[in-house]
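Once you've had a glance at the structure underneath, I'll fire off some questions.
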Amino acid sequence: MKPFIAALPKVELHLHIEGTLEPELMFALAQRNGIQLPYADVAALRAAYDFHNLQSFLDLYYQGAAVLQTEQDFFDLTWAYLSRCQAQHVVHTEIFFDPQTHLARGIKMGTVIAGIRAALAQAEQQWGISSCLILCFLRHLSQEEAQATLDAAMPYLEQIQGVGLDSSELGNPPAKFTQVFDRARALGLKVVAHAGEEGPASYIWEALDRLQVCRIDHGVRASDDETLMTRLIEEQIPLTVCPLSNTRLKVFDKMADHNLLQLLERDLCVTLNSDDPAYFGGYLQENFEAVAKDLRASREQLRQLALNAVQASWLPLSRKKTLIAEILTLP
Ligand code: ADE
Ligand code: ZN
């Protein structure tokens, strides 16, 4: 199955660029910027990647992001991820970034966006990899802080296609951000939100009804609520599911327990994604491989997952049609 997965034109819709910071690059950037990391070496850092829930991961993830300081750092980070895309035949990617993590350390919005955008432009030119950029609000912070973040992004709106909502889910329901999402939509931005990763199915309802999102990030808890399942199926609202992430963060005890194929078999628009690949043990190819191996997904199921990602993307219809034809004709 590996060669089939490798040959599939793949689209990624749930990827935090700060979550692609591999330990080696973290150490290199720490050295470049004169920052002392609280780990002796790469092996010690990797050994700390033993998570028991979302929060235990987020604590390390925010700590690691502190090595990102200059435009060049954001370029190098994004370029490293895009090089993986090129190697794995990921042809389009819609990338999250967490500006509040950086603004809080005195880094300018323009620095973050310029570094990421320069890498995206070079990958498009050099490899034909297309992309979108999604600004995420940190849900453990207030709506006022999210509004201030959107204010800071106003000069760069042309370079951002959407907004999202991430970080600590439990106790921070989507409705907390209703006004800032209203404002983002009025500005013409597309909107998505993490919901139903650790949080209950009611958060998915809120993301749909209060934030009016066009996709749900994760959403695996939808299976707890049959009425919600009917709605997601009827409206074909995509779920950006992240299998390796879900097992590493103990949303499911082991891959064999994951419900994504049950959701797919109910005709939900399920897509596969890597979330924070440097922390969870694999990029998009490895997520497909894990689903093939541990869930015994068939070739046709993997093909459907790849088709769903094209459908759920923000690509123009003409490119969607081309990619769909390529995926359907792959032997
Ligand atoms: N930020 C980075 N990865 C995340 C995830 N899986 N859930 C919520 N916030 C995140
Ligand atoms: Zn995520």
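In listed order, ligands and their atoms are each counted from 1. Being a predicted model, the structure only gives us computed values, none of them experimental.
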- Message: Looking at every heavy atom in both Lys320 and Leu315, which two are closest together, and how far apart are they?
- Response: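 Smallest heavy-atom distance, with atoms named: CE-O, 3.4 Å.
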
- Query: Going by the angle between their ring planes, with limits at 30° and 60°, are Trp79 and Phe75 parallel, tilted or perpendicular?
  - Reply: parallel

- Message: Classify the ring geometry of Tyr279 against Tyr49: parallel below 30°, tilted from 30° to 60°, perpendicular beyond 60°.
- Response: tilted

- Do you know how many protein N, O or S atoms are within a distance smaller than 2.8 Å of the Zn ion (ligand 2)? 4

- Query: Charged N to carboxylate O under 4.0 angstrom, Arg46 versus Glu22?
  - Reply: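 Result for this pair is yes, salt bridge flagged.
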
- If the plane angle is over 60° it's perpendicular, under 30° parallel, otherwise tilted; pick one for His140 and Tyr62. tilted

- Does a side-chain N-to-carboxylate-O contact under 4.0 Å join Arg231 and Glu235? yes

- Task: Identify whether the distance between the nearest side-chain nitrogen and carboxylate oxygen of Glu158 and Arg117 falls below 4.0 Å.
- Result: no

- Query: Would you call Lys250 and Asp253 a salt bridge, taking side-chain N to carboxylate O under 4.0 Å as the test?
  - Reply: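 Answer for the salt bridge query: no.
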
- Query: Using a threshold of 4.0 angstrom between heavy atoms of the protein and any atom of ligand 1, which residues qualify?
  - Reply: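 Contacting ligand 1 under 4.0 Å are His16, Leu54, Phe57, Leu58, Tyr61, Asp166, Ser167, His194, Glu197, His218, Asp275, Asp276.
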
- Item | Nearest heavy atoms of Asn33 and Gln69, plus distance in Å |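 Closest approach of Asn33 to Gln69: ND2-CG, 3.7 Å.
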
